[in-house]
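Right, one structure below, let's go through it.
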Amino acid sequence: NLNGNNVSSKTLCPDENLILSITGIADAANKSFEYRRGGVVINTSSSTIFNVPNPSGTANYSAYVYDMPLLGGNIDPAACRSLTNSVTVIVLNDVNVNLAVTGAISNTYCSGDNVVFTVASPAGTNYEFKLNNQPLQNGPSATTSSTNITNNSIVSVIVTLANGCTASSSVTLIENTIDSVGSITGTQSICFNGQPTQLSNATTASATNASATISYQWQSSPNANFSADVTTIAGATSQDFTPGILSQTTYFRRLAVSELNNKICSSPSGIVEVEVKSGPGGQLNLNGNNVSSKTLCPSEDLILSITGIADAANKSFEYRRGSVVIHTSSSTSFVVPNPSGTASYSAYVYDMPLLAGNINPDACRSLTNSIVITIAPDVNVNLAVTGAINETYCAGENVVFTVINPPGTNYEFKLNDTPLQNGPSNTTSSSIITDNSIVTVIVTLANGCTASSSVTLIENTIDSVGSITGTQ
């Protein structure tokens, strides 16, 4: 029999015992047995049971039954024998379970990580996962996960194969534990656009595993709880850190970074605050108007003024073109001399008056809004004169005046400052011109600006025509 069953053939799983047993004989105590694999005796015994060690592959098993007990541990040569039935046994090969782990590197994870376990192969009909020998999942899914892992936790899986056998695997997890994040100091107050002093290490960080490597990474945020807008500061990886110029209150923390088996974990220190004291504020206006951009005609003034500040008499101001200060003043108004081109104008408003004509170095400042101002270029008006040569005409002639360019939306002609024509036509004429008359034109351009030109007329006057004689 095979494992107590009368069968002619049987397939066994790799972990099953192959136990041959002989039944149906009398006075078994006075018998002896030779168990065979194929035609080779693999065990000589006085027992009716034999557990075949390390069976593998496919083989035919049978036994000789002798009618006499062993003699000196061997078959008695005087004994007679009979051959049992044979049983063909197939022992399936071991199947290796490929248990893949994601969310961890080299089976190393960070506290709180969700680690995912997936049987990549072989395919099975059921997957029984356990965490530290406690049920984790048991069902048809080849994957499971957990966040409740502790250091040296063991996750195992038993895969039920299509042939009814099982195969198993397990993995031991290592937690990359930061047992102390360290601490930092450096809470302070500075002016707007000031630079803080160094934020310093108070105590260093450490990891539980001696093989772990500790490093640091500084972060900043405008939010005290670091709930959003968190910036990981490039290159800030030392125990200490000096921030750059700040324009708003900013909070800093230092991450303790532990690397173990190529798995990087981090944990934040406490937070230090760098308070940026607000300047006086202020709204920058252009020619009394709150605008973000404006095009001015060449003839217009560019007047910057600052409103919306309290106690202006105890403030000071730096007016800027781009990032260059063009005027330092105690006045809330400044007329920019000779503006041209396109530029962005803004102003620093300081919370203290000037000191000996200069900005007080102890003053805090705020930056106003900026205004992009474009000065339209001067336009030359080409005023053509026909009916005169070199602006010289004869008495009574009709002289025609035409604006060749630029095109405009309106043309206002005047003769000696007296209206001659005002409308969309770019041409006019007159025959009532006197010597040294001045004809001017103001052209209204499409951008709303104006350009002008004038011409002085010279009359070629014959004040005496002379006389002749010779009547006969």
If every non-hydrogen atom of Ile214 is compared with every non-hydrogen atom of Ser206, which pair is closest and at what distance?
CD1-C, 4.0 Å
Look at atom CD1 of Ile389 and say whether more than 12 heavy atoms of other residues, nucleotides or ligands are closer to it than 6.0 Å.
no
Under 3.5 Å, is there a donor-acceptor pair between the side chain of Asn416 and the main chain of Ile438?
yes
Counting distance only, does the side-chain N/O of Thr160 pair as donor-acceptor with the main-chain N or O of Thr166 below 3.5 Å?
no
Checking side-chain polar atoms at under 3.5 Å, does Asn447 have a donor or acceptor matched by the opposite partner on Thr295?
no
Other residues, nucleotides, ligands: >12 heavy atoms within 6.0 Å of Asn390 CG
no
Show, in sequence, the C-alpha distance, side-chain angles and deciding distance for Asn422 and Asn410, and conclude whether the side chain to side chain contact (heavy atoms under 4.5 Å, CB included) test is met.
CA-CA 7 Å; Asn422 190 357; Asn410 191 82; 2.7 Å; yes
Which of parallel (below 30°), tilted (30 to 60°) and perpendicular (above 60°) describes Phe334 and His327?
parallel
Hey, does Asp378 have a side-chain heavy atom less than 4.5 Å from the side chain of Asn380?
no
Report yes or no: is the cationic atom of Arg254 (NZ for Lys, CZ for Arg) closer than 6.0 Å to the six-membered ring centre of Phe241, at no more than 45° off its axis?
no
Tell me, yes or no, whether the heavy-atom count around Asn93 atom CG, taken from other residues, nucleotides or ligands under 6.0 Å, exceeds 12.
no
Closest non-hydrogen atoms of Leu92 and Cys165, given as atom of the first, atom of the second and distance, are CD1-SG, 3.5 Å
Would you please say whether a donor-acceptor pair under 3.5 Å links the side chains of Gln188 and Thr197?
yes
Restricting to pairs with a member in residues 127-137, which pass salt bridge (charged side-chain N to carboxylate O under 4.0 Å, His left out), not counting sequence neighbours?
Glu128-Lys130
Scan for salt bridge (charged side-chain N to carboxylate O under 4.0 Å, His left out) pairs involving residues 97-116, sequence neighbours excluded, and state none if there are none.
Asp113-Lys263
Taking all non-hydrogen atoms of both residues into account, name the closest pair between Ser258 and Asn176 and its distance.
OG-OD1, 2.6 Å
